[in-house]
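Side chains included, hydrogens not; waters and symmetry mates left out as well; all remaining heavy atoms used.
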Amino acid sequence: MASATAHSRLLADYAYYLKVERAMSPNTVAAYMSDLQEFFLACDVPPKDVSREDIISFLAGRAFSTRSQARCLSALRSFFSWLQLDGERKDNPAENVEFPKIGRYLPSVLSVEEVDAIMQSVDLSSWRGLRDRALLEVLYGCGLRVSEAVGLRWRDIFENDAFVRVVGKGDKQRLVPIGDEALAALAAYRSACPAPDDDTDDTVFLNKDGRHLSRTSVFNMVKRQAILAGIHKEISPHTFRHSFATHMIENGADLRVVQEMLGHESILTTEIYTHIESSTWQKSILSHHPDH
């Protein structure tokens with residue numbers, strides 16, 4: 001049996017290479033390492049002797065989704081390429097293994113009417129209801145990620161200029177316009193919410209104990225309000241971000257402007273919303289077609 005200790009040491013060195021030399025994110029490194037560990041547990045062959053057939057057999061014998069299979073193959077290609085760089089192998093056995101075909105992922109979006117129904121489903125008789133309504137308005141009206149929304153501070157909201165300063169991925173800051181409805185909801189919430197647990201804390205969205213609202217609490221709130229609104233789609237806080245971008249493009253917003261507002265590094269990431277808009281348009285045409 002191949003030495004588990006030798007595999008473990010080799011994988012640890014490879015993980016270091018990914019983190020330090022390739023500067024990959026912790027999540028990507030963890031995913032790659034998980035795939036490689038599973039491969040070497042299943043394939044009782046030293047890394048220097050792994051063949052193309054070993055890889056094909058492993059991928060065929062696992063109940064992978066197409067996307068997971070593609071990620072695993074990427075991990076294997078990268079790992080054996082690293083062994084080539086280190087002079088441990090002359091070839092890359094994963095190089096000529098074909099990637100599975102992956103369809104373009106189109107995230108779920110809400111119609112304008114569904115967004116409004118969720119907003120109207122919130123009970124505004126308590127400060128927590130006012131908070132939830134303000135949070136939903138900010139998620140949708142500014143297209144924020146849930147982490148950006150729960151991290152929002154009052155000093156980041158420039159009411160007179162109708163802008164919000166957002167700290168996004170990699171601590172990068174951007175300015176996002178905020179509309180009257182979101183500003184009004186924030187003002188109503190601020191006038192009713194209790195003082196924060198820490199007097200120096202400037203966090204906007206607080207829990208019942210006066211501390212930062214957690215991501216999990218936001219997920220639960222969104223699901224609860226969707227049910228109350230009679231919406232049966234599988235949605236999350238991110239659905240409001242998707243819906244914001246899709247509705248912007250449907251109303252003629254420039255793709256580069258939407259990219260800036262969402263904080264996307266690449267325009268290619270933003271282009272997904274043009275496909276959602278096209279898909280929505282096609283479904284609408286088909287549903288009203290006389291031959292349908």
Side-chain angles (χ1 to χ4, degrees), residues 1-108 145-148 167-172 215-216 219 234 236 238 241-242 259 262-273 275:
M1 179 174 279
S3 168
T5 304
H7 283 184
S8 181
R9 187 163 52 246
L10 195 63
L11 290 177
D13 290 344
Y14 174 63
Y16 180 83
Y17 160 77
L18 292 180
K19 284 186 278 192
V20 177
E21 296 189 40
R22 294 284 304 279
M24 283 188 172
S25 73
N27 286 344
T28 302
V29 174
Y32 271 33
M33 299 313 296
S34 175
D35 288 335
L36 290 169
Q37 285 162 357
E38 186 176 352
F39 173 76
F40 284 113
L41 278 173
C43 181
D44 185 22
V45 179
K48 64 183 180 62
D49 297 327
V50 170
S51 68
R52 179 174 180 269
E53 288 68 32
D54 290 327
I55 292 171
I56 292 173
S57 176
F58 169 72
L59 293 173
R62 288 292 179 277
F64 282 128
S65 68
T66 304
R67 197 168 292 276
S68 295
Q69 191 179 64
R71 187 199 64 209
C72 184
L73 184 53
S74 289
L76 289 164
R77 281 190 180 179
S78 174
F79 175 72
F80 287 112
S81 176
W82 174 69
L83 288 185
Q84 283 181 289
L85 288 173
D86 265 18
E88 296 292 327
R89 287 192 65 124
K90 292 184 178 178
D91 66 325
N92 185 333
E95 191 63 47
N96 294 317
V97 178
E98 289 188 9
F99 276 102
K101 287 185 167 47
I102 301 176
R104 181 180 285 269
Y105 167 65
L106 297 180
S108 176
R145 301 176 179 96
V146 64
S147 57
E148 295 170 345
V167 181
K169 288 184 176 180
D171 287 333
K172 291 183 179 177
R215 289 164 51 97
T216 302
F219 272 83
E234 188 63 35
S236 72
H238 219 65
R241 178 173 163 88
H242 295 319
Q259 178 193 4
L262 294 175
H264 285 160
E265 287 282 342
S266 169
I267 192 72
L268 297 177
T269 309
T270 318
E271 278 182 351
I272 187 70
Y273 298 108
H275 292 268

Measure from the side-chain N and O atoms of [X] to the backbone N and O of [Y], and report whether any donor-acceptor pair falls under 3.5 Å.
{"X": "R89", "Y": "Q84", "answer": "no"}
{"X": "N92", "Y": "F80", "answer": "no"}
{"X": "R71", "Y": "D35", "answer": "no"}
{"X": "S74", "Y": "A70", "answer": "yes"}

So, taking the atom named [atom1] in [X] and the one named [atom2] in [Y], what distance separates them when rounded to the nearest 0.5 Å?
{"X": "L83", "Y": "K90", "atom1": "CG", "atom2": "NZ", "answer": "14.5 Å"}
{"X": "Y16", "Y": "E21", "atom1": "OH", "atom2": "CD", "answer": "7.5 Å"}
{"X": "K19", "Y": "T28", "atom1": "NZ", "atom2": "OG1", "answer": "12.5 Å"}
{"X": "D86", "Y": "D13", "atom1": "CG", "atom2": "CG", "answer": "8.0 Å"}
{"X": "S236", "Y": "H242", "atom1": "OG", "atom2": "NE2", "answer": "6.5 Å"}
{"X": "L18", "Y": "S25", "atom1": "CG", "atom2": "OG", "answer": "10.0 Å"}

### Task
Would you tell me whether S57 and D54 have side-chain atoms, one donor and one acceptor, within less than 3.5 Å of each other?
no
### Message
Let's go through R22 and S78 carefully: what are the C-alpha distance in whole Å and the side-chain angles of both, what is the deciding distance for side chain to side chain contact (heavy atoms under 4.5 Å, CB included) to 0.1 Å, and is it a yes or a no?
### Response
CA-CA 11 Å; R22 294 284 304 279; S78 174; 3.8 Å; yes
Grab the two heavy atoms, one from [X] and one from [Y], that are nearest each other, plus how far apart they are.
{"X": "V45", "Y": "V50", "value": "CG1-N, 3.7 Å"}
{"X": "P93", "Y": "S51", "value": "CB-C, 3.7 Å"}
{"X": "R77", "Y": "A94", "value": "NE-O, 2.9 Å"}
{"X": "E88", "Y": "K48", "value": "O-CB, 4.2 Å"}
{"X": "E38", "Y": "F58", "value": "O-CE1, 3.9 Å"}
{"X": "G263", "Y": "R145", "value": "O-NH2, 3.7 Å"}

### With sequence neighbours excluded, residues passing side chain to side chain donor-acceptor pair (under 3.5 Å) with Q259
R256
### Task
Assign the ring pair F79 / W82 to parallel, tilted or perpendicular, where the plane angle (0 to 90°) is split at 30° and 60°.
tilted
